[in-house]
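What follows is one structure encoded as structure tokens, with my remarks underneath.
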Amino acid sequence: MGAYDLKRIVESISNLKSENFYNAICLSLSEVLGASHVFLAQVDESTMHASTIALAAYDEIVDNISYDIRCTPCNDVMCGGISSYSSGVQALFPDDRLLADMGIEAYVGVPLQSLSGKTDTILVALFQHEIGDALQVESFFSLFTGLIQREIDKDRFIAKLDFANQLIEQSHEAIFICNKNVEITYVNTAFTKMTGYPPDEVLGQNPKILSSNQHDQHFYRAMWHQIDKKGKWSGEITNKTKQGTLYTQFLSITQMQTNGEICYVAFILDITEKKEAEQKIYFHANHDQLTGLTNRFYFKERISELVSSLSYQDEESTNLAVIYFDVDKFQDINTVYGLSFGDKVLCQLAERLESSFKECAFSRIDGDSFAVLQTYQQVSELELVCKQVSALLVEPFLIGGISQQVSVTLGVSTYQQAKSISSQDRVEKIARRLVRQAELATLNAKQVGAPFLHFCKEMDDKVKKHNLLVEQLTQAVKNDELEVHFQPIIDVQSNTVAKFESLVRWRNHGQWVSPAVFIPLAEESRVIIELGELVLRKTCQQIKYLEAQGYNQFVFNVNRSLFEFTEFNPHRNAWLEIITEQNVNPSQISFELTESVLAPENTNHLEVLTQLKSAGCLISLDDFGTGYSSLSYLRRFPVDVLKLDKSFIDEIHTNSGDEALVKSIIQMSQVLGIKVVAEGVELQQQLAVLKEAGCDFIQGYYFSKPLPGDEIQAFLTQLAREH
């Protein structure tokens with residue numbers, strides 16, 4: 001093998017096309033070397049297999065093969081070394097079946113190193129006879145390794161480009177590129193699907209062709225100012241399809257340079273459905289699903305807005321009143337005619353009164369209770385409103401052939417204009433107090449048989465009773481007299497218990513007091529801080545008890561009130577101190593928050609949540625959809641789990657609107673990487689819908705009521721037997 005041989009092989013491969021290169025070089029090398037086999041193979045270190053990309057056998061290209069390189073000379077080559085044997089290679093590698101099957105006597109293999117310096121391809125020659133000078137074959141191979149490696153690198157680069165192009169073309173995000181003159185030079189397939197414009201109609205055009213005229217010039221000037229200054233802009237924008245349909249999109253524009261020229265790359269994500277879902281969530285959060293009226297959350301927010309605005313007005317004669325009323329003997333109506341009939345009564349009542357209070361906030365507060373928010377100058381105006389409500393209900397309601405007379409009892413609380421109120425906390429207290437006082441006035445009116453009453457000091461007995469209950473609760477917390485029960489939360493996929501929610505219970509002088517009664521009292525009196533620590537401590541003790549019984553996989557949800565965050569000292573994290581003191585793994589505690597914690601004005605709570613997350617605790621968002629229900633807030637707070645409010649679940653199996661809404665929430669949560677728990681599941685049909693929607697966890701009486709700590713182990717044992 002001499003200079004002529006080298007010249008001949010160089011000439012044979014110099015004019016090769018890429019698709020024939022590997023085959024041709026293996027054929028040429030086998031011919032010149034007199035080898036029975038020459039092959040190029042890619043090696044996989046993780047599987048210890050080699051797969052040929054070209055294989056010449058007896059001067060012909062044959063089908064590629066894959067083989068195990070353990071206990072073979074190819075393993076040495078894969079490790080980066082040249083391996084050559086002039087004779088006796090079978091004896092040296094007795095476990096290499098390939099050598100034996102091919103009758104190989106001599107072997108030469110050299111590694112090809114990629115740009116990263118890793119050997120992932122080898123060049124091998126096999127001889128069925130002894131060779132005189134293996135070193136010469138090694139040297140000959142070395143002349144071509146660089147050429148072969150460059151071809152491999154080129155093919156890989158082209159493959160990456162093809163893959164990148166496929167990603168862009170197959171992306172669900174619309175992508176378009178503009179040149180320095182802001183003329184469109186490229187659009188992908190998703191762009192055409194989203195906008196309706198084929199490439200030939202937009203190439204060379206300014207993106208203004210997509211404009212919906214929903215944004216003024218200030219919007220676009222601000223956009224380009226940020227692009228010029230920071231090199232990028234992103235935000236929500238409304239554009240128009242070729243057919244004229246408006247759609248909301250999340251648009252991201254990045255300024256780039258290619259070949260020394262400025263260009264602009266834009267990514268578009270259609271978020272129309274997301275915005276519609278958020279609007280539905282907002283509507284559900286602020287409206288009563290039965291009557292369509294606004295609900296108590298909206299009503300209290302509206303009071304707060306008016307209290308704040310009145311405090312800045314110059315006209316001192318404008319005041320605010322809450323007129324609260326409920327249906328007389330409504331329970332009797334439900335008992336006699338059924339709950340469905342009672343619901344229809346409430347709907348007709350709402351319909352009859354709503355038109356008379358279009359300028360006011362008219363809301364369903366709860367059950368058969370309603371409230372009107374009214375501004376006034378003279379108290380006599382409020383009496384007229386009360387009489388107007390009663391007069392509108394004189395005519396009986398006709399429901400299913402039944403004539404039902406309905407009357408209401410009203411209570412009035414008033415707020416006289418004050419000087420500027422800077423504290424939002426104080427504004428919210430005023431809002432709560434106005435509703436509470438109007439309700440107390442209603443209760444007193446019922447007791448004395450009056451059509452309506454104003455709240456006054458003579459109703460202090462009610463207040464004293466209220467204060468007594470607060471005092472008893474404070475003492476009960478101090479004496480550790482409250483109990484904690486635990487409601488199982490089931491993993492939908494495994495049908496096993498994954499979590500428990502810790503729920504505090506209070507027996508006051510032998511009578512159970514509803515959490516709906518004493519939790520607000522605890523918040524109002526600030527004893528909620530000590531109560532929260534008590535619940536957390538008892539939860540940790542329950543975790544340690546279960547660990548001693550061999551259960552250590554459960555997460556326990558512990559509720560946290562907005563008021564606890566308000567009083568929280570970030571320099572001394574008492575919650576984490578309790579967890580450490582009880583020797584509990586923080587990952588077993590999930591702090592369950594209400595949506596009010598995520599309200600825009602509560603951004604300081606992010607520091608508290610970040611501390612808890614950094615320690616390893618989880619964060620759950622309770623009663624999702626009933627408060628500040630914007631998913632945009634979830635991006636700012638480290639939420640792991642959100643819990644769908646029971647009001648969304650009650651009719652999910654019969655109401656297609658509720659089903660669609662819940663599915664939208666679950667889908668958006670999955671995009672954000674947030675798990676979902678459905679609360680208040682009581683029926684198999686509800687469970688079936690939630691499973692189909694991809695809900696992660698289920699909580700409710702369908703599986704179990706809240707259990708005392710000493711009943712948990714028996715429940716787990718019984719559940720294991722059933723499944």
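Note: hydrogens, waters and symmetry copies are ignored here, and every other heavy atom, side chains too, is used.
Under the 4.5 Å side-chain criterion, counting only non-hydrogen atoms from C-beta, Leu123 is in contact with Val38. Counting only heavy atoms from C-beta outward, the side chains of Ile69 and Ile122 never approach each other to under 4.5 Å. In this structure the side chain of Phe141 reaches within 4.5 angstrom of the side chain of Leu33, judged on heavy atoms. Ser84 has its side chain out of reach of Leu135: every pair of non-hydrogen atoms, C-beta onward, lies at least 4.5 Å apart. Using a 4.5 Å heavy-atom threshold, the side chains of Ile253 and Met223 count as touching. With a 4.5 Å cut-off on side-chain heavy atoms, Val671 and Gln667 do not count as touching. Side chains of Thr185 and Cys263 form no contact here, defined as non-hydrogen atoms less than 4.5 Å apart. When side chains are defined from C-beta on, Met48 counts as touching Met78, because their heavy atoms get closer than 4.5 Å.
Panel note: side chain Asn573, backbone Val608; no donor-acceptor pair is recorded below 3.5 Å. Judged by distance alone, the side chain of Asn75 and the main-chain N or O of Arg70 form no donor-acceptor pair under 3.5 Å. Panel note: side chain Gln553, backbone Ala498; no donor-acceptor pair is recorded below 3.5 Å.
Considering all non-hydrogen atoms of both residues, Tyr264 and Val182 come closest at CE1-CG2, 4.3 Å. Looking at every heavy atom in both residues, Ile490 comes nearest to Phe703 through CG1-CG, 3.5 Å. Residues Leu251 and Trp233 come closest through the heavy atom pair O-CZ3, 3.6 Å.
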Which atom pairs, donor and acceptor, lie under 3.5 Å between side-chain atoms of residues 686-696 and protein residues at least two apart or in another chain?
residue: Gln686; atom: OE1; partner: Glu682; partner atom: N; Å: 2.8
residue: Gln686; atom: OE1; partner: Leu683; partner atom: N; Å: 3.1
residue: Gln686; atom: NE2; partner: Ile649; partner atom: O; Å: 3.3
residue: Gln686; atom: NE2; partner: Asp650; partner atom: O; Å: 3.1
residue: Asp696; atom: OD2; partner: Val676; partner atom: N; Å: 2.9

Would you give me the side-chain donor-acceptor pairs under 3.5 Å for residues 584-592, sequence neighbours excluded?
residue: Asn585; atom: OD1; partner: Ser587; partner atom: N; Å: 3.0
residue: Asn585; atom: OD1; partner: Ser587; partner atom: OG; Å: 2.9
residue: Gln588; atom: NE2; partner: Phe554; partner atom: O; Å: 3.1
residue: Ser590; atom: OG; partner: Ser620; partner atom: OG; Å: 2.7
residue: Glu592; atom: OE1; partner: Asn557; partner atom: ND2; Å: 2.8
residue: Glu592; atom: OE1; partner: Lys643; partner atom: NZ; Å: 3.2
residue: Glu592; atom: OE2; partner: Lys643; partner atom: NZ; Å: 3.1

Acceptor/donor pairs from residues 88-102 side chains to any protein atom, 3.5 angstrom cut, sequence neighbours excluded:
residue: Gln90; atom: NE2; partner: Ile104; partner atom: O; Å: 2.9
residue: Asp96; atom: OD1; partner: Leu98; partner atom: N; Å: 3.1
residue: Asp96; atom: OD1; partner: Leu99; partner atom: N; Å: 3.4

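Note that CD of Gln718 is 13.0 Å distant from CD of Gln713, once rounded to the nearest 0.5 Å.
Counting non-hydrogen atoms of other residues, nucleotides and ligands closer than 6.0 Å to NZ of Lys544 gives a total above 12. Residue-environment remark: CD (Gln684) exceeds the threshold of 12 foreign heavy atoms within 6.0 Å. Residue-environment remark: CD (Gln257) exceeds the threshold of 12 foreign heavy atoms within 6.0 Å. Open room surrounds CD on Glu45; 12 or fewer heavy atoms of other groups in view lie less than 6.0 Å from it. Within 6.0 Å of CG on Asp63 lie no more than 12 heavy atoms contributed by other residues, nucleotides or ligands. No more than 12 heavy-atom neighbours from other residues, nucleotides or ligands sit within 6.0 angstrom of NZ on Lys675.
The aromatic rings of Phe500 and Phe486 sit perpendicular, their planes meeting at an angle over 60°, well past the 30° parallel limit.
Residues that satisfy the ring pair (Phe, Tyr, Trp, His ring centres under 6.0 Å) test with His129, not counting sequence neighbours, are Phe127. Among residues two or more places apart in sequence or in another chain, the ring pair (Phe, Tyr, Trp, His ring centres under 6.0 Å) test is passed with Phe267 by none.
Annotation: ring-ring contact (aromatic ring centres under 6.0 Å, His included) contacts involving residues 49-80, sequence neighbours excluded, comprise His37-Tyr58.
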